[in-house]
Each structure stands twice: as structure tokens, then as C-alpha cells.
Amino acid sequence: GFELTFATDAGVFSRDGIDKGTRALVESMPALAGRALDLGCGWGAAGIPLALENPECEFVLTDINERAAELAAKNARANGAKNVSVVTGDAFEAVEGAFSAIFTNPPIRAGKQTIYAMFEGARDRLDAGGALHIVIRKQQGAPSAQKYLSGLFHAVQTIARKGGYHVFQCEGSNHHAV
């Protein structure tokens, strides 16, 4: 429902426009409150529209790619997303605090070890009652990712399927402090 303009560049994911997976993720997201984290934000294709749709929510966008984070900050300003802050770091490295929502179109090409570590980090950074939202293509491992997530979270459900993409909503940590 928004007309947004984004700057992108070579060397950042989906530089020619919003990719189908990110679009499926954004379109399936519920209303958000509290703090939300866009994990691996790229140039802001998910975090910025969601921040504009949820103006009462505080959004943190993070990316390991410094150029992507710079573009996300520029795009947030250009589109009037005043409830957005952007940090640069590997996964949760530059991120502080807990979140009511974390969402990601994970970097599948980085490998299972990397993305599964991101999923574990997300579980550990969610508030009680918070949810992790992930989009993954079926051909890129959605079934195995769903199985892995089911070991981390009490409830994992598919909230959208579109063009081979699955959007999972993961709630309730299966991680118990000793």
C-alpha cells in the first residue's frame, strides 16, 4: 500500500528490486509491536515497508555488508521511516537487547551452519511471546529448515506459501536455562 523508492548497488542482494521471497515475507507479516529486528536487512526491502506499516514499533535493521547497511539507512531516511535504526555486523554482533519480532530472508548460500546459527541467535533474542519469521524456498531447504526450527521452537507454522517460498512463524523457545 506504499509507494517507496530505494537506492541499491552492485554487491548487495537483489539489487534490481524486491525479490519474491522478501515480498512473500513482508506480505505475510502480522501487525508488530515493541521492537523488531530485520536480520540481514540488505538495502531495507523488508524492514522499511514494515516500519512504515507499524509506526509504533521500533525497528533495528542489521547486515554484515557495510554497503547494504549504508543503503538501508539512506533508504529509511528517504522513505520517512523515522522508527528505524541501522547497524552493521555479523548476525547479532552489533545488536543489543531483545525483540518481540525478528524476521529474515536468510543468506542460504552462506550454508546451513551459518543460517542455523542465526536461527539459534534469534531464539535467544526473542521476548517471551515473541516470534521469528523466516522465508525459505522449498528447493533451498525449507523442509529441513522447518524440521530444525521445530527443535528450537515450541510452535513452528507455515503462515504463507507463494511461488515455492515458505514463510515460517516460530514461537516459544524450546531452550531452557539450566
Side-chain angles (χ1 to χ4, degrees), residues 1-9 12-65 68-87 91-92 95 99-110 115 118-119 121-122 125-127 130-142 145-146 149 153 155-171:
F2 292 103
E3 180 123 349
L4 305 175
T5 304
F6 292 97
T8 69
D9 200 355
V12 296
F13 176 71
S14 193
R15 77 173 207 184
D16 296 326
I18 190 167
D19 67 289
K20 291 177 183 171
T22 300
R23 181 177 296 279
L25 177 66
V26 170
E27 290 175 351
S28 67
M29 288 292 289
L32 301 174
R35 292 181 81 216
L37 176 66
D38 183 350
L39 185 58
C41 66
W43 43 263
I48 293 169
L50 289 171
L52 292 168
E53 284 181 358
N54 299 275
E56 301 302 313
C57 188
E58 174 193 345
F59 282 77
V60 177
L61 281 58
T62 186
D63 203 286
I64 192 171
N65 180 324
E70 289 170 4
L71 288 164
K74 177 181 179 178
N75 288 328
R77 286 190 303 273
N79 288 290
K82 295 177 180 19
N83 55 335
V84 168
S85 61
V86 181
V87 296
F92 296 91
V95 177
F99 297 89
S100 52
I102 299 174
F103 51 95
T104 187
N105 181 348
I108 298 298
R109 287 177 182 81
I115 65 166
M118 290 173 69
F119 298 166
R125 290 296 192 98
L126 283 170
D127 290 330
L132 170 64
H133 293 84
I134 301 164
V135 62
I136 301 181
R137 281 184 75 189
K138 183 174 183 185
Q139 298 90 324
Q140 292 181 320
Q146 184 173 19
L149 289 162
F153 294 91
V156 177
Q157 60 183 359
T158 303
I159 60 168
R161 280 195 184 112
K162 188 174 183 180
Y165 289 91
H166 293 231
V167 180
F168 299 126
Q169 179 173 293
C170 311
E171 299 173 290

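Numbers for residues simply follow the sequence, beginning at 1. Just so you know, these numbers use all the heavy atoms, side chains as well, and skip hydrogens, waters and symmetry mates.
The residue from Asn75, Asp38, Leu37 that alone fulfils the side chain to side chain contact (heavy atoms under 4.5 Å, CB included) condition with Leu61 is Asp38.
In plain terms, the two heavy atoms of Ala46 and Thr22 that are nearest each other are CB-CG2, 3.8 Å. Annotation for Gly34 and Cys57: closest pair O-SG, 3.2 Å, computed over non-hydrogen atoms.
Counting only heavy atoms from C-beta outward, the side chains of Tyr165 and Leu25 never approach each other to under 4.5 Å. Between Leu132 and Leu149, the closest side-chain pair of non-hydrogen atoms falls below 4.5 Å. In this structure, the side chains of Gln146 and Thr158 come closer than 4.5 Å at one or more pairs of heavy atoms. Between Thr62 and Cys41, the closest side-chain pair of non-hydrogen atoms is not below 4.5 Å. Between Phe92 and Leu39 the shortest side-chain heavy-atom distance falls below 4.5 Å.
Here the CZ-NZ distance, from Arg161 to Lys138, works out to 8.0 Å after rounding to the nearest 0.5 Å.
Formation of a donor-acceptor pair under 3.5 Å by the Asp63 side chain with backbone atoms of Gly42 is found in this model. Using a distance-only test at 3.5 Å, with no hydrogens or angles considered, no donor-acceptor pair links the side chain of Asp127 to the main chain of Arg35. Panel note: side chain Ser28, backbone Ile159; no donor-acceptor pair is recorded below 3.5 Å. No donor-acceptor pair under 3.5 Å is formed between the side chain of Arg125 and the backbone N or O of Ile102.
Here Ala142 pairs with Ile136, His166, Phe168 under the side chain to side chain contact (heavy atoms under 4.5 Å, CB included) rule; sequence neighbours left out.
Enclosure of atom CD in Glu56 is not indicated, since only 12 or fewer non-hydrogen atoms of other residues, nucleotides or ligands lie within 6.0 angstrom.
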